[in-house]
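Since the structure comes first, as structure tokens, the remarks are kept for the end.
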Amino acid sequence: MVYWYLFRIQGALDKKIRLPGRIPGTKVRIERGVDEMIKDNLESIQKKALQQIREAKQLDALNEVRVNILGKKGELTAVLKGMKDVAEADRPKVGAFVNETRDAIEKSLEDAKRRLEEAALNERLKAETIDVTLPSKKMGLGHRHPNTIALEELERIFIGMGYGVAEGPEVEKVYYNFEALNIPDGYPAKDEQDTFYINGDILLRTQTSGTQVHEMEKGRLPIKMISPGRVFRSDEVDATHSPSFHQVEGLVIDKGISFSDLKGTLEVFARELFGEDTKVKFRPHHFPFTEPSAEMDVSCFKCKGKGCRFCKGEGWIEILGCGMVHPHVLEMSGIDPKEYTGFAFGIGLERIALLKYEIDDMRLLYENDIRFLSQF
Ligand SMILES: [Zn+2]
């Protein structure tokens with residue numbers, strides 16, 4: 001090393017010196033050639049590095065060696081920086097020494113790294129034992145929602161009676177949601193407090209009846225359809241209310257359709273859904289889009305009409321609203337009410353699901369807790 005530093009002084013004094021001689025102005029004599037001195041230095045760096053690499057027991061220690069020798073401030077890097085002091089004619093030779101040294105150290109580092117990684121893996125394999133006889137984890141596949149199951153049941157029943165299924169837009173023109181259904185201005189449902197308006201002409205539909213208007217406007221008669229879908233009302237969230245829920249509406253239009261067709265159809269539907277011995281009863285009601293209008297109750301399928309907690313002691317459970325399509329509604333959609341008549345009904349899908357599966361809180365239907373859903 002002494003020679004090396006002496007040479008550095010010398011190099012600073014005279015870049016061209018490359019042969020042994022005396023440093024000008026001093027008594028210090030350089031005994032050997034520059035290339036030999038650098039070679040010695042490189043050999044000592046390499047020896048030290050290989051020794052340290054052999055002794056490294058951890059990858060961290062190995063990395064430390066790499067930084068100390070090959071890093072930005074490493075010893076070998078310092079030699080490379082000193083190349084500027086080496087006479088030009090010696091540079092290729094010295095460069096080759098440096099490269100050889102670096103290659104040897106890098107190879108040794110690589111080998112040691114592989115050796116240490118292998119040892120670490122073996123250590124881990126020894127420590128971790130896998131019990132291949134353990135039962136495997138069960139993958140949850142999810143579960144169909146009670147709404148979906150109820151809807152498929154409803155669709156099955158009506159398709160069986162020759163109905164088609166039509167779907168309409170959830171974002172609807174105010175006209176299709178209200179005017180075309182004979183709902184006058186000032187009707188409570190039209191109020192901004194009950195309806196989500198997007199602007200003066202567009203809203204989130206409050207009922208699926210708009211789909212029926214779209215079907216009537218197509219002018220393809222007779223019509224026999226149900227329209228299931230999501231509807232929106234600006235409601236509180238509680239056990240029986242939600243701002244978003246689902247309806248299944250039905251519409252039949254043909255020549256000579258009467259209220260008895262309505263009653264017969266819905267009676268068949270109720271028996272299919274709740275059991276053969278289900279009784280139905282119609283109570284007069286009012287809807288702007290039907291005349292006459294009614295609400296249909298079914299006999300409580302739990303107590304068979306005797307009265308229980310489920311039907312609040314009434315023996316009857318309210319199921320749906322229905323009626324004969326109002327002549328104005330037919331007229332507005334271009335159907336001649338003198339020639340055609342029809343009936344319509346609307347069922348709350350959640351209500352059916354709650355009843356059928358004896359769920360007492362509607363909010364459970366929207367939480368999508370798999371522990372809840374997988375019970376149905
Ligand atoms: Zn009951």
Side-chain angles (χ1 to χ4, degrees), residues 143-168 205 207-212 214-216 220-231 245-254 256-283 285 287 289-290 293-305 310-311 315-325 341-359 362 365 373 375-376:
H143 197 277
R144 291 202 310 158
H145 195 280
N147 272 357
T148 312
I149 304 171
L151 176 59
E152 283 176 6
E153 176 78 3
L154 259 59
E155 285 181 346
R156 184 189 63 76
I157 295 169
F158 283 106
I159 289 169
M161 291 195 275
Y163 284 65
V165 179
E167 285 183 11
R205 66 179 177 191
Q207 49 195 357
T208 48
S209 313
T211 311
Q212 306 178 349
H214 288 295
E215 287 300 310
M216 287 191 283
R220 289 197 290 264
L221 295 166
I223 294 172
K224 207 171 172 189
M225 58 164 277
I226 54 168
S227 53
R230 185 193 291 263
V231 299
F245 54 99
H246 298 80
Q247 273 192 340
V248 181
E249 297 206 10
L251 177 70
V252 173
I253 294 176
D254 203 350
I257 296 290
S258 70
F259 201 89
S260 62
D261 294 312
L262 163 65
K263 284 178 77 175
T265 301
L266 293 178
E267 206 172 328
V268 169
F269 160 69
R271 285 198 190 129
E272 282 274 323
L273 191 63
F274 295 112
E276 237 350 271
D277 52 355
T278 305
K279 294 181 186 71
V280 300
K281 95 181 166 188
F282 291 84
R283 288 176 288 103
H285 200 76
F287 300 112
F289 31 86
T290 46
S293 306
E295 279 189 324
M296 186 179 92
D297 298 342
V298 295
S299 55
C300 177
F301 44 85
K302 273 224 112 165
C303 63
K304 306 289 170 204
F310 201 65
C311 57
W316 295 93
I317 297 168
E318 184 195 321
I319 277 296
L320 55 83
C322 56
M324 299 302 291
V325 181
T341 48
F343 66 80
F345 53 89
I347 305 163
L349 185 61
E350 277 81 354
R351 181 154 176 76
I352 299 293
L354 295 180
L355 286 171
K356 216 169 153 48
Y357 303 113
E358 297 179 32
I359 302 163
M362 192 167 165
L365 292 176
L373 297 179
Q375 295 172 41
F376 307 98

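Residues: numbered from 1 along the sequence shown.
- The nearest pair of heavy atoms linking Ile352 to Ala150 is CG2-CB, 4.4 Å.
- The aromatic rings of Phe274 and Phe301 lie parallel to each other, their planes meeting at an angle below 30°, with 60° marking the opposite boundary.
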Identify each donor-acceptor pair in which a side-chain atom of residues 341-351 lies under 3.5 Å from a protein atom, sequence neighbours left out, and give them as a table.
unit_1: Thr341; atom_1: OG1; unit_2: Ile257; atom_2: N; d: 3.0
unit_1: Thr341; atom_1: OG1; unit_2: Ile257; atom_2: O; d: 2.7
unit_1: Glu350; atom_1: OE1; unit_2: His246; atom_2: N; d: 2.8
unit_1: Glu350; atom_1: OE2; unit_2: Asn147; atom_2: ND2; d: 3.3
unit_1: Glu350; atom_1: OE2; unit_2: His246; atom_2: N; d: 3.3
unit_1: Glu350; atom_1: OE2; unit_2: His246; atom_2: ND1; d: 2.7
unit_1: Glu350; atom_1: OE2; unit_2: Tyr366; atom_2: OH; d: 2.8
unit_1: Arg351; atom_1: NE; unit_2: Glu318; atom_2: O; d: 2.7
unit_1: Arg351; atom_1: NH2; unit_2: Glu318; atom_2: O; d: 2.7

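- A salt bridge is defined here as a Lys NZ or Arg NE, NH1 or NH2 lying under 4.0 Å from an Asp or Glu carboxylate O, and Glu152 with Arg156 fails to meet this definition.
- Checked by atom type and distance alone, the side chain of His285 never pairs as donor or acceptor with a backbone atom of Glu295 at under 3.5 Å.
- Of all the heavy atoms in Ile223 and Met225, the pair that sits closest is CG2-CG, 3.5 Å.
- For the atom pair CD of Gln212 and CD1 of Ile226, the computed distance is 10.5 Å after rounding to the nearest 0.5 Å.
- To the nearest 0.5 Å, atoms OG1 (Thr265) and CD (Glu267) are separated by 10.0 Å.
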Item to complete: Under the side chain to side chain contact (heavy atoms under 4.5 Å, CB included) rule, what do Leu365 and Leu354 come out as? Steps first, then yes or no, please.
Response: CA-CA 9 Å; Leu365 292 176; Leu354 295 180; 3.8 Å; yes
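- At least one donor-acceptor pair closer than 3.5 Å links the side chain of Arg205 to the backbone N or O of Gly168.
- To the nearest 0.5 Å, atom CG of residue Leu154 and atom CD of residue Glu272 are 11.0 Å apart.
- Residue Thr278 comes nearest to Gly275 through the heavy atom pair OG1-O, 2.7 Å, listed as atom of the first residue, atom of the second, then distance.
- Across every non-hydrogen atom of Pro228 and Ala166, the tightest pair is CD-O, 3.5 Å.
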Item to complete: Apply side chain to side chain contact (heavy atoms under 4.5 Å, CB included) to Lys224 and Asp254, showing your working.
Response: CA-CA 8 Å; Lys224 207 171 172 189; Asp254 203 350; over 6 Å; no
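- Atom CD1 of Ile157 and atom CG of Leu273 lie 4.5 Å apart (nearest 0.5 Å).
- At a threshold of 4.5 Å between non-hydrogen side-chain atoms, the residues Trp316 and Cys300 do not count as touching.
- Contact of the Leu320 side chain with the Leu266 side chain is registered, since non-hydrogen atoms from C-beta on lie closer than 4.5 Å.
- Proximity of Leu355 to Ile319: side-chain heavy atoms (C-beta onward) are separated by under 4.5 Å at one or more points.
- Of all the heavy atoms in Phe287 and Ala294, the pair that sits closest is CE1-O, 3.6 Å.
- Scored by the side-chain hydrogen bond (donor to acceptor under 3.5 Å, both in side chains) test, Lys356 finds no partners at all (sequence neighbours excluded).
- To the nearest 0.5 Å, the span separating CZ on Phe376 from OH on Tyr357 amounts to 8.5 Å.
- With rounding to the nearest 0.5 Å, the separation of CE in Met324 from OG in Ser258 is 6.0 Å.
- Annotation for Glu167: atom CD does not count as buried by contact number, only 12 or fewer foreign heavy atoms lying within 6.0 Å.
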Discussion item. Between Asp297 and Arg283, is the side chain to side chain contact (heavy atoms under 4.5 Å, CB included) condition met? List the steps.
Written reply: CA-CA 8 Å; Asp297 298 342; Arg283 288 176 288 103; 2.7 Å; yes
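- Contact record, Val298 with Ala270: CG1-CB, 3.8 Å, taken as the closest heavy-atom pair.
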